[in-house]
Amino acid sequence: MAMAQAIIVGAVEECAKTSFRVSVVVVDKAGQLAAALRGDGTAPHTIEFARMKAYTARTRNQTSLEFAAATASGDAAALRQIPGVIAIGGGVPIKVGTETIGAVGVSGAPGGDKDEICAKAGIARVAAALN
């Protein structure tokens, strides 16, 4: 729980540097909710989008932005129909070595690429403990 809270604080603080109000969700290895924070002044949908981004990153073992690019066309586009996944940036897997142990999702910045920067900053807060 302490690690999840540190990730959330790191993500929120990174987004606050550019005045982005965000919600942040951390999911565990099973893709289940571990911790969440709906930021002050965020739109109601941001908490659910953050959860979906985190779930996508966990289940696909890649960022949700990478998932969006990989499923943009062709047969892979069908993967977007999996319940609970979303093809937009802001979800980042949390890894110990090559093993994905969870994920963080951020929603509320003006663009998934900006959400992803904040998510990565959150993970960076606990990087030493992930080695």
Side-chain angles (χ1 to χ4, degrees):
M1 181 54 68
M3 189 177 290
Q5 290 173 327
I7 291 169
I8 289 171
V9 168
V12 169
E13 286 180 356
E14 181 66 24
C15 273
K17 290 178 184 177
T18 46
S19 299
F20 300 150
R21 296 178 178 181
V22 296
S23 294
V24 184
V25 171
V26 175
V27 298
D28 63 16
K29 189 172 185 168
Q32 299 298 310
L33 179 70
L37 173 77
R38 190 173 69 80
D40 291 337
T42 58
H45 68 273
T46 59
I47 196 76
E48 180 60 16
F49 263 34
R51 188 199 62 75
M52 293 172 71
K53 292 174 182 188
Y55 181 80
T56 300
R58 169 54 201 107
T59 60
R60 302 300 305 165
N61 297 314
Q62 64 187 151
T63 70
S64 57
L65 194 58
E66 291 169 333
F67 175 75
T71 60
S73 62
D75 290 342
L79 293 172
R80 293 180 176 202
Q81 301 304 312
I82 297 170
V85 302
I86 191 165
I88 189 168
V92 178
I94 302 167
K95 296 187 176 195
V96 174
T98 59
E99 180 184 1
T100 302
I101 63 163
V104 59
V106 176
S107 181
D113 57 329
K114 294 169 185 67
D115 287 328
E116 185 170 312
I117 290 167
C118 297
K120 287 180 176 178
I123 294 170
R125 279 277 177 105
V126 299
L130 295 172
N131 293 326

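Counting side-chain heavy-atom gaps under 4.5 Å among Ile, Leu, Val, Met, Phe, Trp and Tyr, Val9 is found in no cluster with other residues. Connectivity analysis of hydrophobic side chains (ILVMFWY, heavy atoms under 4.5 Å, direct or indirect) links Met1 to nothing; its cluster partners are none. Other members of the hydrophobic cluster containing Leu130, listed by chain and number, are Met3, Ile7, Ile8, Val12, Phe20, Val22, Val24, Val26, Leu37, Val92, Ile94, Val96, Ile101, Val104, Val106, Ile123, Val126; membership follows side-chain contacts under 4.5 Å among ILVMFWY residues, whether direct or relayed.
With rounding to the nearest 0.5 angstrom, the CZ atom of Arg21 is 11.5 Å from the CZ atom of Arg38. Taking CZ of Arg51 as the reference point, atom OG of Ser107 lies at 12.0 Å (rounded to 0.5 Å).
Legend: residues meeting salt bridge (Lys or Arg N to Asp or Glu O under 4.0 Å) with Arg58, ordered by chain and number and at least two apart, are absent. Remark: Glu14 engages Lys17 in a salt bridge (Lys or Arg N to Asp or Glu O under 4.0 Å) (not counting sequence neighbours). Applying the salt bridge (Lys or Arg N to Asp or Glu O under 4.0 Å) rule to Lys29 yields the partners Glu99; only residues at least two apart in sequence or on another chain are considered.
When atom types are taken as modelled, the side chain of Ser64 and the backbone of Gly90 share a donor-acceptor pair closer than 3.5 angstrom.
Applying the side chain to side chain donor-acceptor pair (under 3.5 Å) rule to pairs touching residues 121-131 yields Glu13-Arg125, sequence neighbours excluded. Screening residues 34-123 for disulfide bond (SG atoms under 2.5 Å apart), with sequence neighbours left out, gives Cys15-Cys118. Sorted by first and then second residue, the salt bridge (Lys or Arg N to Asp or Glu O under 4.0 Å) pairs involving residues 102-120 (not counting sequence neighbours) are Lys53-Asp115, Glu116-Lys120. Counting only residues at least two apart or on different chains, no salt bridge (Lys or Arg N to Asp or Glu O under 4.0 Å) pair has a member in residues 87-96. For residues 33-94, the set of pairs meeting the disulfide bond (SG atoms under 2.5 Å apart) definition, not counting sequence neighbours, is empty.
In this model, a donor atom of one side chain and an acceptor atom of the other lie less than 3.5 Å apart for Ser23 and Thr46.
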Donor-acceptor pairs are to be reported for all side-chain atoms of residues 70-84 against protein atoms at under 3.5 Å, with residues two or more places apart or in another chain.
unit_1: Thr71; atom_1: OG1; unit_2: Phe67; atom_2: O; d: 2.7
unit_1: Thr71; atom_1: OG1; unit_2: Arg80; atom_2: NE; d: 2.8
unit_1: Arg80; atom_1: NE; unit_2: Thr71; atom_2: O; d: 3.1
unit_1: Arg80; atom_1: NH2; unit_2: Ala68; atom_2: O; d: 2.8

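Nearest heavy-atom pair, Pro93 versus Ala57, reported as atom, atom and distance to 0.1 Å: N-CB, 3.7 Å.
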